[in-house]
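In what follows, a single structure is set out as structure tokens and then discussed.
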Amino acid sequence: MGVLTSQSEDFPKWYQDVLNKAVLAESGPVRGTMVIRPYGYSIWERMQAEVDQRIKACGAENAYFPLFIPMSYFEREAEHVEGFSPELAVVTHGGGSKLEEPIAVRPTSETVIGEYMGRWIQSYRDLPLLLNQWANVVRWELRPRTFLRTSEFLWQEGHTAHIDQEDARRYAVRILEDVYHDFMVNVLAIPVVVGRKTAKERFAGAINSMTLEGMMGDGKALQMGTSHELGQNFAKVFSIDYLSDKGAQELCWTTSWGVSTRMVGGLIMAHGDNNGLQVPPVLAPTQVVVIAIKDDPEVIETAGRIEAELREAGVRVRVDTRVDTSFGRRATDWELKGIPLRIEVGPRDLAQQEVTIAVRATGVKSKASLSGLSNKVSETLSEIQSKMLAFAIERRDERTAECSTLSEVVEAAGSGFARIEWDLVGEKGEAELARSAITVRCLQRSDGSLPYSEDEPGLVAYCARAY
RNA sequence: CGGGGUGUAGCGCAGCUUGGUUAGCGCGCCUGCUUUGGGAGCAGGAGGUCCCGGGUUCGAAUCCCGGCACCCCGACCA
């Protein structure tokens, strides 16, 4: 009997078990909300730090806009309001009386940020305007699932305004590639499929939505991030315009892009196994845990010394000296939490001037000499990172089928992704696949690059069941 | 919103059909002792508006009426 429900028995139940046993999060008191517990939040904080750093490297600056948005803002952009009004939370009362105009709790901030961009941009010299905010948003989801689809979630949303379509497009792609794709592959070790959304799947109010799709342990897809070209749709209704160097009044071209706490759910489902979560070393809030096996002064003292030495070497490490708890319990707990590397220190090890090293990803234990331990640890951590990515790539490729008919797609989507020529699907095929709960996750050119339009000939559609 | 289900200790559940002493069980929690190299054992202990409101009855977790909440399956979504 395992600690968790096994993945093959019931994947959703396994996911719930991991959330509980690894002490990541639980449901909040209001339907669809979640409480993120300290360990879960520390993983999110690491994601934030890595993403934030990349966003800043692309030149965007952080700012903060209000949670409350006048309802009237939403009504300005027809497609946007149509897309979002069903899931808006609306405040009708404040300070004990009914409000003149209802206030929406932001589901996303294109409107309010558009309003202020319009005020701030006057000249072509003010462009591009590159903003980002870290915030919570609320969407009244009909079927919530912890981290994957919650009524309130945390995210970053970038909003930019550009001088022309080309500059806007280039920036939206740059965020997609240099921030999201780089982060997901090199930090999360999740080999996402990057492509363009079909018209049906496009963000409400965008002219182009691009996406990064991760494959989960059960072969289903998870949209892990998006970057949108908004064209001039929001510029028109929020008067985001500027005076060009030729003295003409011109409309800006805007973009928006985001990743959310959903990535925590993606991390769990992409790397987790029947022993629990697995956090890639580059991301892990705790990369190494040093377990003092026995209540012995020399053991405790050595564990502390190893901790200090590793911390000095830049390793995120913590020591476990809870010697009144059995070893098995502690080992299992750290495995559930997915700590990549465990160092066990006991009297038997010390007699040999060595320690035991256990790798979470493989379950393999080996001995390592006390001297030169920090080098050994750093090397092992980077090996684990590579192995996790290699394993995820292998699974993605194994479970991606080349198809030439819709019925083959339906078959293949039962266990993974299906690739098929987009010309063989089209809007009609997309609707037909939807009846089998399969969606076109994204479109790519045959060489894997991003299409300018879904009408380009020779595109490949990635189809899958999705969360 | 349509269909199904569940509300009893922190969590998971039994008890309800056929009303009746002090409402049980497992896990977790607390104390003590023995343990500790893969979820320890024994002993003792704490913890309950039985979802809410009304009704029937000498007596309701249990029967009746009304309400609420949550979960699962579909349409929506980062």
Side-chain angles (χ1 to χ4, degrees), chain A residues 1-5 10 12-13 16-17 19-21 23 26-33 47 51 82-88 106-109 135-158 180 197 200-204 209-214 221-228 256-266 275-276 291-296 299 320-336 342-351 355-356 358 363 365 367 434-437 439 466-467:
Chain A
M1 251 284 283
V3 182
L4 304 166
T5 304
D10 185 344
K13 182 100 189 302
Q16 283 301 327
D17 282 356
L19 294 176
N20 293 327
K21 301 272 182 157
V23 203
E26 56 193 71
S27 297
V30 170
R31 179 191 153 76
T33 59
M47 290 180 175
V51 170
E82 193 189 327
F84 278 103
S85 55
E87 51 190 46
L88 280 186
R106 66 176 164 223
T108 179
S109 304
N136 58 337
V137 285
V138 170
R139 299 180 185 181
W140 217 257
E141 297 292 353
L142 301 174
R143 257 190 72 198
R145 288 192 70 182
T146 306
F147 284 123
L148 301 175
R149 195 189 307 104
T150 45
S151 302
E152 178 191 6
F153 58 92
L154 307 181
W155 74 348
Q156 70 52 224
E157 50 177 325
Y180 298 157
K197 284 291 187 190
K200 181 174 179 289
E201 301 283 325
R202 198 178 283 155
F203 176 76
S209 288
M210 292 169 289
T211 178
L212 306 97
E213 301 283 328
L222 181 73
Q223 179 173 324
M224 304 206 27
T226 49
S227 185
H228 313 289
S256 70
W257 27 278
V259 293
S260 71
T261 38
R262 171 180 277 185
M263 290 193 297
V264 179
N275 295 318
I291 299 192
I293 288 187
K294 283 213 168 32
D295 190 6
D296 170 279
V299 166
D320 177 358
T321 52
R322 297 172 300 160
V323 286
D324 53 348
T325 301
S326 75
F327 170 77
R329 160 72 62 169
R330 291 187 286 154
T332 308
D333 280 351
W334 295 118
E335 274 168 9
L336 283 165
R342 199 168 66 235
I343 297 178
E344 301 170 4
V345 185
R348 272 185 239 157
D349 299 301
L350 293 187
V355 293
T356 301
K365 284 192 187 188
K367 300 288 184 185
R435 282 195 285 277
S436 308
T439 46
Y467 280 98

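Chain naming here is simple, since letters A, B, ... match the order of the sequence lines and numbering starts at 1 in each. Quick caveat, the model's predicted, so the values are computed rather than measured.
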For A/Thr108, answer base if it contacts any base atom (sugar-phosphate contacts may also be present), sugar-phosphate if it contacts only those atoms, and nothing otherwise; contact means non-hydrogen atoms under 4.0 Å.
nothing
Base, sugar-phosphate, or nothing for A/Ser27, non-hydrogen atoms under 4.0 angstrom?
nothing
If I pick the P atom on B/C30 and the same atom on B/A14, what distance separates them, to the nearest angstrom?
27 Å
Say you pick atom P in B/U57 and the same atom in B/G74; how far apart are they, in whole Å?
47 Å
To the nearest angstrom, the CD-P distance between A/Glu344 and B/G38 comes to 9 Å
Is the base of B/G37 touched by the side chain of A/Arg330 through a donor-acceptor pair closer than 3.5 angstrom?
no
When the distance from CD of A/Gln16 to P of B/C70 is rounded to whole Å, what number comes out?
16 Å
Euclidean distance for P, B/G66 against B/G47 (whole angstrom)
38 Å
Could you measure between the two P atoms, the one in B/C11 and the one in B/G7, and give it in whole Å?
14 Å
Between A/Asp333 (CG) and B/G28 (P), how many Å, whole number?
12 Å
Look up atom CD in A/Glu26 and atom OG1 in A/Thr146, then write down how far apart they are to the nearest 0.5 Å.
9.0 Å
What is the distance from OH of A/Tyr180 to C1' of B/A78, rounded to the nearest Å?
10 Å
Nearest 0.5 Å please: distance from the NZ atom of A/Lys294 over to the CD atom of A/Glu344.
11.5 Å
Which value, in whole Å, describes the distance between the C1' atoms of nucleotides B/U8 and B/A61?
7 Å
Any chance you could measure A/Leu88, atom CG, to A/Arg106, atom CZ, to the nearest 0.5 Å?
13.5 Å
Please measure how far the C1' atom in B/C50 lies from the corresponding atom in B/G24, and state the result in whole Å.
12 Å
Rounded distance in Å - CZ (A/Phe84) to P (B/A78):
6 Å
Is any NZ, NE, NH1 or NH2 atom of the basic residue among A/Lys21 and A/Glu335 found under 4.0 Å from an Asp or Glu carboxylate oxygen of the other?
no
OP1 or OP2 of B/C77 sitting under 4.0 Å from any side-chain N/O of A/Arg262?
no
Is any side-chain heavy atom of A/Gln223 closer than 4.5 Å to one of A/Lys197?
yes
Taking A/Gly328's backbone N and O only, do any of them form a donor-acceptor pair with A/Thr332's side chain (distance below 3.5 Å, no angle check)?
yes
For the side chain of A/Gln156 and the backbone of A/Val259, is there at least one donor-acceptor N/O pair under 3.5 Å apart?
yes
Is the backbone of A/Val323 close enough, under 3.5 Å, to the side chain of A/Asp295 for a donor and an acceptor to pair up by distance?
no
For A/Asn20 and B/C11, what is the distance between atoms CG and P respectively, to the nearest whole Å?
11 Å
Between B/G37, B/G38, B/A78, which one does the side chain of A/Glu335 approach most closely?
B/G38
Can you give me the dot-bracket string for RNA chain B, 5' to 3', counting Watson-Crick and G-U wobble pairs with both distances under 3.5 Å, using [ ] for crossing pairs and | for partners on another strand?
(((((((..((((......[...)))).((((((.....)))))).....(((((..]....))))))))))))....
Toward the 5' end of RNA chain B, by each residue's nearest nucleotide, A/Ser151 or A/Gly32:
A/Gly32
A/Ile293 atom CD1 is separated from B/G38 atom P, nearest whole Å, by 8 Å
For a quick test of reading the model: is some side-chain N or O of A/Ser326 closer than 4.0 Å to OP1 or OP2 of B/U36?
no
Face-to-face stacking of A/Trp155 with B/A78, centres under 5.5 angstrom, angle under 30°
no
Taking only residues two or more places apart in sequence, or in another chain, which ones meet A/Trp155 in a ring-ring contact (aromatic ring centres under 6.0 Å, His included)?
A/Phe153
Do A/Thr108 and A/Arg139 touch side chain to side chain, with heavy atoms closer than 4.5 Å?
yes
Member of A/Thr321, A/Ile293, A/Leu350, A/Ile291 meeting the side chain to side chain contact (heavy atoms under 4.5 Å, CB included) criterion with A/Val345:
A/Leu350
Whole angstroms only, please: what is the CZ-C1' distance between A/Arg322 and B/A40?
15 Å
Between B/G19 and B/G59, how far is it from one P atom to the other, in whole Å?
15 Å
Using atom P in both nucleotides, what's the gap between B/U62 and B/U18 to the nearest angstrom?
14 Å
Tell me if the side-chain of A/Lys365 makes a donor-acceptor pair with the base of B/G38, cut-off 3.5 Å, by modelled atom types.
yes
Between the protein and nucleotides 73-76 of chain B, list the N/O to N/O atom pairs that are separated by less than 3.5 angstrom.
residue	atom	partner	partner atom	Å
B/C73	OP1	A/Arg143	NH2	3.4
B/C73	OP2	A/Arg143	NE	3.3
B/C73	OP2	A/Arg143	NH2	2.4
B/G74	OP2	A/Arg143	NH1	2.6
B/C76	O2	A/Glu141	OE1	3.3

Which residue lies more 5' along RNA chain B, comparing A/Gly225 with A/Lys21 via nearest heavy atoms
A/Lys21
